[in-house]
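A, B, ... follow the sequence lines: proteins, then strands. Residue 1 opens every chain.
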2 protein chains.
Amino acid sequence: MTVTLRCALRGARAVEQASKGDGVGGFPGCKPAAPHFYPITTTCLYSETIIPYYAAMQKAVRRSQASVRPPGRPREFDMDTALDRALRVFRERGYHATSIGDLTSAMRLATGSVYKAFRDKHAVFLAAFERYTGLRQEQTRSAAARGENGRERLRNVLLSYVEHSQGIEGRRGCLVVGSAVELSAVDPAIRARVEAQLKTNEDFIAGLIHEGHADGSIPGHVDAGDTARLMICITQGMRVVGKARLPLDGPRLVGVAMKLLA
Amino acid sequence: MTVTLRCALRGARAVEQASKGDGVGGFPGCKPAAPHFYPITTTCLYSETIIPYYAAMQKAVRRSQASVRPPGRPREFDMDTALDRALRVFRERGYHATSIGDLTSAMRLATGSVYKAFRDKHAVFLAAFERYTGLRQEQTRSAAARGENGRERLRNVLLSYVEHSQGIEGRRGCLVVGSAVELSAVDPAIRARVEAQLKTNEDFIAGLIHEGHADGSIPGHVDAGDTARLMICITQGMRVVGKARLPLDGPRLVGVAMKLLA
DNA sequence: TCTATTAGGGAATGATTGTTCCCGATTATC
DNA sequence: GATAATCGGGAACAATCATTCCCTAATAGA
């Protein structure tokens, strides 16, 4: 019914706006009332007790592995697979250009099933975003792990970024960049996540520089903070350039970028 | 003989329709139920005979200044002012999130008037894009002009980029970055323009490096091509980071970036 | 003054959108 | 077997979207 819809929308919006300001922890009705319904749009932005959809999902998986299955008919599709498929569409087309129809056909689910698993399109996007950042973080850290010292680890991270910015993967685009550009101006929930992710990445790079300071591979006068921020610009910029399909020569580009550590 | 605006439009459309390829994935906003009206997205990528709407406009203005006025009621609004207003909305919200209603209220025009002046929403965007790149190019070149040698000119360009990536202007965003991220994957016309603009910027930076080579302010071993491409990544990345509202310290950031010229 | 032509403006239109509703299916528990 | 609870799937819904239509106004030329 129309009234119901309007009320639900107004409610969600109100909660979101409220949490933007005061930062109330915990969100209503997430765990106890509806264990399979994850209203992450109402997640408190600055609370440290954010339980993103995906984390809640894993928790549910753990519970089911402990032979305590939630009541009702079990979910037939694999959530991660579905999110990966949603991810692909969102990365290629962005949020607004992706319709529910695009989403359902990509996820191979019916409309009703999507709305049973997620509150709305925004929640699907948020869940996809969490999954994306999780996967990317894993990839970046494993690239860093293949390095003898701070400098080499940083070089590997930059090379990994160039590779992901190129070819099919590059054309598909980065969801963080896409969200920053398309949504951060109008969507506080997205903006907070983008900001957090950029800060995480920056801290990671700054950490590698500090490691380089310690092991002697990076001169001590190289400012970790400033250099890391510039490198974030470089990596985000590479995703933009890669999306526009300009070729990027990894070794050459990274070779030049490594001058920043001189 | 006088070529009216409408004729110019029809001509442009004919060229675009003729050069329509196999239809590399339709434009998301385009409707299949308006067969007599084709979106601009079918423009041939590499045709050099594309005459964008706005260029035709300027031609018409020039002609009218030569006291040869086109027939019919004259336009009452200033095209550049209207485009500046459209620009602002497109930069803030992106293409898909900007409705015709947003556009008409921003441009202070009625729906019919917008559609009299432009073929469709896509054409408004394209015209706004052309105006944006024109204005930005002007700003960048004037920033470069305030420099004694190649190195100083390049520093000024980078500083100008940081300034534009910050604060309100930064939050508003760059239309080139926005177009690259949101549209270049599905819209060949936009992609071609984004690519061209990035190349233009890159060539400009490479030119400044060459000037530095010549005047001795930049060592000859600094590779102009590779360094310029990395600097394009930096500038585009700054726009992404600025859109996400992370603070950017111009002098510090540029100070680090100038190491690339060592 | 009449005609041709274009601009301004807003109502009308039809397609598409995100979302809800409903029904049958599947599971656990009683 | 009955009940409760959830899922899968698709039809139905209202809102919104981009676009067209139509009428009036303004200008040039005859």
Taking only the side-chain heavy atoms of A:Glu76 (C-beta and beyond), determine which of C:dT27, D:dA11, D:dG8 contains the nearest atom. D:dG8
Has the side chain of A:Arg193 got a donor or acceptor atom that lies under 3.5 Å from a matching backbone atom of A:Ala189? yes
Check the distance between C:dG18's C1' and A:Leu103's CG and give it to me in whole angstrom. 11 Å
With a 4.0 Å limit, can you tell me whether A:Tyr115 has a side-chain N or O closer than that to the phosphate oxygens OP1/OP2 of C:dT20? no
What does A:Thr104 touch in the nucleic acid at a heavy-atom separation under 4.0 angstrom: a base, only the sugar-phosphate, or nothing? nothing
Do NZ/NE/NH1/NH2 and the carboxylate oxygens of B:Glu169 and B:Arg91 come within less than 4.0 Å? yes
Return the value, rounded to whole Å, for the distance between atom CG of B:Leu109 and atom P of C:dG8. 7 Å
Of the nucleotides D:dT19, C:dT5, D:dA26, which has the atom closest to the B:Pro71 side chain? C:dT5
C:dG9 phosphate, OP1 or OP2: any side-chain N/O from B:Ser113 under 4.0 angstrom? yes
Just by distance, do the side chain of B:Lys243 and the backbone of B:Arg172 share a donor-acceptor pair under 3.5 Å? yes
Going by modelled atom types, is there a donor-acceptor pair between the base of D:dG8 and the side chain of A:Lys116 at under 3.5 Å? yes
Please report the distance, rounded to the nearest Å, between CD1 in A:Ile100 and C1' in D:dG10. 15 Å
Can A:Glu195 and A:Lys199 be counted as an ion pair, charged N to O under 4.0 angstrom? yes
A:Phe77 CZ - C:dA25 P separation (whole Å): 20 Å
Interatomic distance where CZ belongs to B:Arg69 and P belongs to C:dA4 [whole Å]: 21 Å
Pick base, sugar-phosphate or nothing for A:Ser99, based on heavy-atom distances below 4.0 Å to the nucleic acid. sugar-phosphate
Starting at atom CZ of B:Arg73, determine the distance to atom C1' of C:dT6, rounded to an integer number of angstrom. 9 Å
Taking atom CZ as the centre, does B:Arg108 end up with more than 12 heavy-atom neighbours from other residues, nucleotides or ligands that are less than 6.0 angstrom away? no
Residue pair A:Gly112/A:Asp102 against DNA chain C: nearer the 5' end by closest nucleotide is A:Asp102
In whole Å, what is the span from the CZ atom of B:Phe125 to the P atom of D:dA18? 13 Å
Starting from P on C:dG9, measure out to CE on B:Met107 and report it in whole angstrom. 12 Å
